[in-house]
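As structure tokens, the structure follows; a few thoughts come after it.
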Amino acid sequence: MMNVRGRAAAKAIVVIAWHAARGLLSVLPWPIAASLFVALALFSSELAIAQQDVAPFAIRYTGTLKKINDSGVIRIGYRENSPPFAFLDANRKPIGYSLDLCEIVVDEVAAELHKQIRTELQPVTPENRFDLVNSGAIDLECGSTTNNAERRKTMAFSPTMFVTGTKLLARRGSGIRWLNDLAGKTVVLTRGTVQETAISKLADRRKLAIKFITAGDHRESFQLLAAGKADAFANDDVQLYGMLAETKSGADFRVLGDFLT
């Protein structure tokens with residue numbers, strides 16, 4: 001069989017040969033000219049047959065892309081309480097920066113596979129997102145997952161789409177400005193996040209007697225802070241600002257201190 005480039009090259013050869021032959025036919029003796037004409041005709045015929053026999057080149061996909069190609073479905077995991085990356089609007093529709101980017105990814109996947117792809121959305125939490133990806137329950141997680149060396153052992157990450165670090169969220173007028181001000185106080189962390197281990201280790205290194213409590217997602221962590229059950233909430237600063245914007249609570253709470261991670 002002949003590929004696309006092969007067909008194009010063959011057509012070019014036929015055109016060049018035919019134009020050259022037209023000049024020769026007028027000057028060559030008739031028997032030789034007739035033989036040349038027959039040879040060109042046979043070559044053109046063989047080319048036409050070869051073109052008809054060409055089959056499209058089939059790409060053999062592997063891994064997640066093969067799964068999407070076989071099913072025609074891409075399953076996206078999204079966070080419900082991780083503003084501004086992924087959260088629910090007033091109508092409980094998933095929205096956010098990460099989901100906007102993932103829409104483009106889905107379009108690119110569909111273009112690569114040359115087929116329509118149906119999108120299925122599934123809520124995930126910081127605790128179960130990795131298990132759902134590893135099990136194949138979701139193909140792509142669109143949230144605010146930190147890319148680090150430990151996670152790269154089992155996950156494939158997109159190129160970096162934001163850079164941030166951990167800060168504290170505390171009530172205005174609490175007197176808290178830095179992590180050291182939290183000695184003897186309570187800090188809430190969201191389970192399954194990098195802060196759950198990083199901030200407790202930092203407190204141990206600084207020999208700060210901080211009590212840590214955990215919650216299932218960022219909204220629950222914020223609610224514990226708002227209810228007075230924690231003195232501060234440690235999280236990525238961009239998400240803390242997103243939480244303040246979503247809850248319209250900037251008059252009562254503020255993001256403070258240096259980056260802790």
Expected list for residues 91-102: side-chain donor-acceptor pairs under 3.5 angstrom, two or more places apart:
unit_1 : atom_1 : unit_2 : atom_2 : d
Y97    : OH     : M161   : O      : 3.0
S98    : OG     : G143   : O      : 2.4

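- Between the side chain of D181 and the main chain of R177, a donor-acceptor pair closer than 3.5 Å is present.
- Aromatic ring centres of F233 and F253: separated by at least 6.0 Å.
- Taking E108 as the reference, nothing meets the salt bridge (Lys or Arg N to Asp or Glu O under 4.0 Å) condition, with sequence neighbours excluded.
- Note: D131 CG to T125 OG1 = 9.0 Å, rounded to the nearest 0.5 Å.
- Distance check, rounded to the nearest 0.5 Å: NZ of K153 to CG of N148 gives 9.5 Å.
- How far CZ of R79 is from CZ of F87: 13.0 Å, rounded to the nearest 0.5 Å.
- The shortest side-chain heavy-atom distance between L113 and L65 falls under the 4.5 Å cut-off.
- Note that CZ of F157 and OG1 of T146 are 8.0 Å apart. Values are rounded to the nearest 0.5 Å.
- The shortest non-hydrogen separation linking G192 to R129 is O-NH2, 2.9 Å.
- Of the N and O atoms on the side chains of T145 and E141, at least one donor lies less than 3.5 Å from an acceptor on the other residue.
- Looking at D231, its side chain does come within 3.5 Å of a backbone N or O of T186 through a donor-acceptor pair.
- Note that CG of D217 and CG of N81 are 4.5 Å apart. Values are rounded to the nearest 0.5 Å.
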